[in-house]
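Input: a single structure, listed below in structure tokens.
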Amino acid sequence: MTRPLRTAAVFFVPVVAWACYLFLLLPSVIVFPISFGTGGEFEFPPRAFSLELYRQFFTDAAWWGAMTQSLMIALMTALATTVLGLPAAYALQRASLPGAGLINGFIMGPLLVPVIVLGLGLYLQFAPWNLLNRDVSLFLSHTMLAVPFMMISVGASLRHLDPTLENAALIMGASKPAIFFKVVLPQLKAGIAAGALFAFLISFDEVIVAYFVTGPETQTLPVKMYSAMRWELSPVIAAASTLVTVFSILLAIGIMMLQRKEKQQ
Amino acid sequence: MTKDTFRISRRSFTKGAAVAAIGLAAPSVITGRARAADKSITVTSWGGDYHKSVEEVFAAPFTAETGIAVQLVDNGDMAKVKAQVLSNSVTWDIIDAPAAFATSGAKENLWEPLDSTLVATEGLLEKPNALYMPLYLYSGGILWNTERHPDGKHPVDFAGFFDTEKFPGRRCMRSLAPETLEAALVGDGVQPKDLYPLDVERAFAVLDRLKDNISKFAATTPEQVTSVSQNEADFSYSYYNRVKSAQKSGTPLDFSFAQTNNSLDFFAIPKGSKNKEAAMQFIAFCLRQDRQTAWALRGYYLPNTLKSVEEIKASPNGGFLPDLASGKNVVINAEWWGDNYTTVQKRYSEWMIS
Amino acid sequence: MNAQMKPPVAPSASSPLDKEPALAHLAEPSTPNAAASDAMIEVRGLSKLYNGVAALSDVTLSVGKGEFVTLLGPSGSGKSTLLNLISGMTTPTAGKILINGTDATTLPTNQRGLGMVFQNYALMPHMTVFQNIAFPLQVRKIGKDEIRQRVMDVLKLIQLEHVADRRPRELSGGQQQRISLARCIVYNPPLILMDEPLGALDKKLREGMQLEIKRLHADLGVTMLYVTHDQDEALTMSDRIVLMRGGKIEQQGTPEALYFKPQTVFSADFIGSSNLFPGKLSKDKGGLMLRCAAGAFDVPAADGAFVAGSAAVLLVRPENIMVETPADASGRQQIAATLKDTVVLGGIVRHFLETPAGEQIIAQELNQPNRARLMRGDAVKVSWRVDDGRLLPAERA
Amino acid sequence: MSSASDVSFLSPRSATLLVAPLGALLILFFAYPLILTVWQSFYEGGFTLRAYAELATSTLFYKVLRTTFVISFTATLVSLLIGYPVALHLSRQSPRKRTFYLMLVMLPFWTSILVKSFALTVLLGHSGIVNQALGFISGGTIQFPMVFNRFGAIVGMINYLLPFMILSILGSLLAQDGNLARAAEVMGAGPFRIFRKVTLPLSMPGVIAGIIINFTLSIGMYITPALLGGRQDMMIANLIDFYTRQTLDWPMASAISVVLLLISGALVTILGRVRGGAGVMGVA
């Protein structure tokens with residue numbers, strides 16, 4: 001290999017990586033200044049800076065109501081995804097179930113079906129069962145969408161988990177539930193946190209299924225933004241989005257600090 | 001007005017009855033259950049500022065007057081209505097339906113027939129159908145940026161919009177066929193009164209000529225506005241109310257009333273609604289002159305009640321009303337689109353992507 | 001010279017369930033045998049099939065209280081399966097397991113009260129050393145103060161008190177294995193299973209740990225069942241070795257018995273190194289004689305199983321073989337051979353020889369200074385005392 | 001011989017109990033709606049193939065299907081080409097730094113896809129930041145049309161897709177034994193050879209998983225391409241939406257969904273068979 005080629009190779013990976021980080025970040029970052037605009041229009045750079053959009057957001061119950069609704073649905077989704085997905089992932093890893101491959105494929109299914117197909121199907125199903133406009137229908141639908149991510153994330157952690165640890169605990173006299181909570185769970189923390197975060201974000205940003213399933217009391221922020229788009233592109237969504245971004249970053253930093261503290265112990 | 005609901009509602013009730021008596025609403029609707037304070041109807045809406053206007057202009061005053069609560073639900077689109085009707089679990093009482101929606105809904109047999117008294121309502125600009133009631137009209141026309149295209153440098157009518165030699169520049173158009181085909185035909189010289197039935201072939205021929213100058217097909221109104229404000233297009237087909245709010249925030253946009261397409265928006269009652277009577281009562285209420293005037297002023301719409309039109313025209317704020325009598329403006333024929341929407345929209349989509 | 005799975009040949013390899021007492025058929029008398037009542041483990045007619053393939057077939061075994069028994073055998077011989085069955089991590093297809101006098105055949109693992117040490121230590125990475133050792137005590141709902149006391153005691157016993165607050169991954173392999181042992185003995189299980197516990201350690205550490213485990217065994221009086229595929233380890237540590245092959249017990253007995261009195265070619269070959277001369281027996285004067293490719297040898301007196309005309313294998317351990325220059329010939333079993341190679345292993349010298357018939361022979365002797373060296377290619381005589389030979393039944397193909 | 005590899009820690013019965021709640025959820029909220037959809041595509045008051053027959057002759061459907069594939073394929077390929085070096089970069093960082101960089105990768109997830117689409121028009125538009133910078137550098141001569149065309153659609157999509165690709169490749173890179181690359185290095189292999197012979201083949205399960213996830217997400221997308229794409233960038237999901245919400249022709253919408261399902265099913269099956277694809281499903 002010639003020297004210039006080698007030099008190019010050395011720089012190739014970091015340069016591409018940094019360009020990519022920039023590309024991923026910019027659209028999110030640019031929303032920040034937009035959110036401090038004067039209101040009325042989506043503009044960059046704003047003509048003047050103000051907190052007008054935030055004032056509009058917090059004084060309009062439809063906005064912050066949708067935001068709290070979204071937060072609640074997303075939290076419930078993250079919780080349900082963990083509660084339902086974790087035992088299943090563990091069972092599939094630690095038992096030789098007949099047809100485990102098929103079960104796996106089935107669980108991964110929601111990842112492989114275009115969401116609009118599911119949106120209509122769910123609507124057709126919920127309408128006669130009088131399940132529309134219920135928080136429970138929405139967060140369970142979102143759970144269905146998010147479960148594959150939990151399975152992938154926890155599955156990766158489980159594969160690194162040495163099964164002899166569980167056998168060792170068993171021989172030492174621990175019950176299987178105790179083993180799950182004291183031996184398995186602590187070691188899956190990172191995987192669960194990642195999976196739950198994914199579930200949270202998927203629910204928080206999901207438009208299409210939510211559009212079909214929600215009603216007036218269950219309207220989520222993305223649906224509110226989406227329907228607002230029909231008549232106006234209210235720059236309030238920039239403020240809403242900034243709030244969400246800041247909130248999520250704080251959440252992520254919190255999780256990171258928690259993990260670090262745990263490591264130091 | 002929204003406060004102290006119960007006390008006022010008795011008084012308003014008599015007032016409402018009086019209004020009904022002069023023919024704006026059917027007396028039969030008022031009798032019976034109107035006093036039931038626990039009653040509630042659900043009306044669909046479209047989110048954002050539109051939702052707020054309906055709340056302010058129609059829903060809250062109606063509740064204040066009748067004691068019937070009005071719940072507004074966003075995104076009451078046709079698919080949801082059909083699913084409710086099919087599954088016999090109708091939870092909505094009034095559907096706010098744009099033209100194509102109202103007419104297709106009728107074909108799909110989704111609507112409850114309106115009360116005969118309601119259908120017989122007099123003094124309306126557009127006559128009601130047995131299944132759906134026209135509530136107001138909204139005007140679509142040409143939008144431009146006043147800084148990049150000062151007077152004389154932008155089209156004001158459809159002929160100008162389709163004339164790329166006179167007004168070179170990028171166009172933004174709707175991704176839907178209704179209004180677009182009308183604009184094309186009028187732009188090609190067809191008189192608005194001779195439009196229907198639409199000459200679809202001719203319309204597409206006109207669109208073909210413009211195609212290279214179209215930089216964006218917008219699925220939503222905000223996209224039309226942002227495409228011009230962010231310099232992705234020079235002229236766009238758009239709607240005045242949206243332009244108005246952009247103007248308010250200082251964006252240098254303007255809209256021409258020289259020539260507009262005026263589309264109807266309807267109220268219809270889905271088959272199997274459990275609150276039919278209250279729903280009819282609400283529709284009658286919305287057609288009242290004062291409500292229609294308030295609605296038109298709030299959202300820059302053309303009211304469907306003639307007296308309201310006259311009232312606004314006489315006022316200093318009436319500049320936004322298109323003159324339907326001038327012969328230049330188009331009223332979109334909902335029935336024609338009801339019969340042809342699917343075929344023509346498919347063809348339009350195909351044309352768009354090829 | 002053949003350690004593959006083959007059908008067993010030794011009469012001792014298995015015994016029917018109804019034959020009592022369990023070890024009655026054993027030829028070796030020196031086994032610290034135990035009556036059924038004070039056996040820690042009693043395994044009767046145990047079989048395990050995986051997808052129709054027998055991993056263990058009809059095994060009967062008894063381990064006395066306080067005994068140190070090693071399960072030895074190559075991969076796939078069934079020793080780990082047997083261990084898993086005793087620990088309860090898998091259930092038998094047939095047979096019975098008694099632990100400490102009670103039927104444990106279907107008892108869940110966590111109710112068997114066992115201890116186990118794993119090859120990969122199986123320490124919880126998310127717990128400190130202290131928490132790891134305290135775990136089995138917490139499971140037993142023992143009070144905080146007592147836990148602290150007992151954990152510190154065992155840490156003292158293994159001389160690792162200073163690492164109590166560290167995480168396992170900060171420790172060396174040997175330290176981790178000692179923690180693993182400590183975690184096992186802290187709750188005084190009457191029976192400790194060890195699954196190749198020293199397999200991941202280097203030679204020097206391994207030898208140190210072997211002694212430490214022996215010391216603990218002696219101090220605690222606990223019963224230990226130890227699995228290994230390393231014959232030296234088995235010979236060093238065990239009271240008794242159970243040699244397994246193809247899902248059955250090939251032979252069991254004390255290390256001496258297995259070394260000096262193997263009953264099958266497999267046993268002879270697996271434990272220690274060996275020279276094997278397959279041939280045919282014939283009558284010669286008062287005794288028997290084996291005719292094989294290398295020549296005809298007198299064989300030691302043997303029981304009635306060996307008769308003239310039958311096939312047999314003669315085993316001679318390398319250390320019993322003398323390598324001499326032809327002049328030194330004296331009245332022993334003697335064959336001519338050529339020296340192919342000599343390897344010096346510190347105190348021991350190993351000669352690799354070949355007979356004119358092409359058979360390989362290994363001889364071993366102590367390395368002594370001032371000794372005349374044989375050169376590669378030298379023609380020599382190899383010889384052994386007739387009594388040092390051992391007659392084995394021929395392997396059935 | 002490992003002591004536990006041939007032993008199941010959980011009995012089939014308790015495992016079934018643990019999987020059952022999730023199974024029930026998925027049957028109710030995933031399988032049942034899908035069955036309804038399939039049923040819908042064949043049943044209009046009686047069994048009929050009307051929708052499929054109409055699809056078979058619809059040039060609009062074929063065109064949109066082709067567009068969807070071209071766009072999805074391109075978006076997937078581009079995010080693979082970008083995502084791989086990024087995953088490689090991430091895998092070479094210390095855990096602490098990696099957490100930081102991973103946050104950069106995850107950040108786009110925190111921003112609503114709707115907002116991001118508008119932000120991208122601000123960035124890439126005619127008077128957008130990028131074009132203004134280009135104009136400034138070139139003295140106003142150079143401008144690239146970057147939104148409201150296919151480029152814009154794909155840029156918007158990969159902004160959404162990239163994190164999925166990066167994370168799934170990173171997973172299989174981190175699972176690799178560092179000794180293998182070191183061994184290859186000792187044997188005298190240059191960095192390119194090590195990458196080609198060791199790192200790349202071992203990361204194939206992650207690559208394939210990333211491709212599958214990206215592709216299936218792509219073919220179901222429509223809001224981003226609609227907001228950022230040009231007139232020709234109509235996606236199949238758009239067409240489903242059209243039949244679902246605008247013309248109420250649900251048998252057609254369902255039939256298109258069924259076709260889409262079959263295609264993504266076939267894709268998963270084919271890619272799943274590629275070496276290493278067994279790990280695609282994540283858990284097994």
Check: [Y] main-chain N/O paired with [X] side-chain donor or acceptor under 3.5 Å:
| X | Y | result |
| --- | --- | --- |
| C:His126 | A:Lys182 | yes |
| C:Asn110 | A:Leu170 | no |
| C:Arg140 | A:Met172 | yes |

Separation of C:Asn84 CG from A:Asn167 CG (nearest 0.5 Å):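 Rounded to the nearest 0.5 Å, the CG-CG separation comes out at 7.5 Å.
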From C:Ile86 atom CD1 to A:Ile171 atom CD1, the distance as rounded to the nearest 0.5 Å: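 Here the rounded value is 11.0 Å.
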Portion of C:Leu193 that has a non-hydrogen atom of chain A nearer than 4.5 angstrom: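 Neither; nothing under 4.5 Å.
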Residue A:Ala178 versus chain C: region with a heavy atom under 4.5 Å: neither
Whether over 12 other heavy atoms sit under 6.0 Å from C:His229 NE2: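 At most 12 heavy atoms, drawn from other residues, nucleotides or ligands, come within 6.0 Å of this atom.
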Flag if over 12 foreign heavy atoms under 6.0 Å of CG, C:Asp202: yes
Pairwise side-chain contact, A:Leu165 with C:Phe118, heavy-atom cut-off 4.5 Å (strictly under):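 Side-chain contact under 4.5 Å: no.
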Which of C:Met127, C:Arg112, C:Gln111, C:Arg183 touches chain A most, by non-hydrogen pairs under 4.5 Å: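 The answer is C:Arg183.
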Heavy-atom pairs under 4.5 Å with chain A, option from C:Gly113, C:Pro125, C:Ser87, C:Ser180 with the top count: C:Pro125
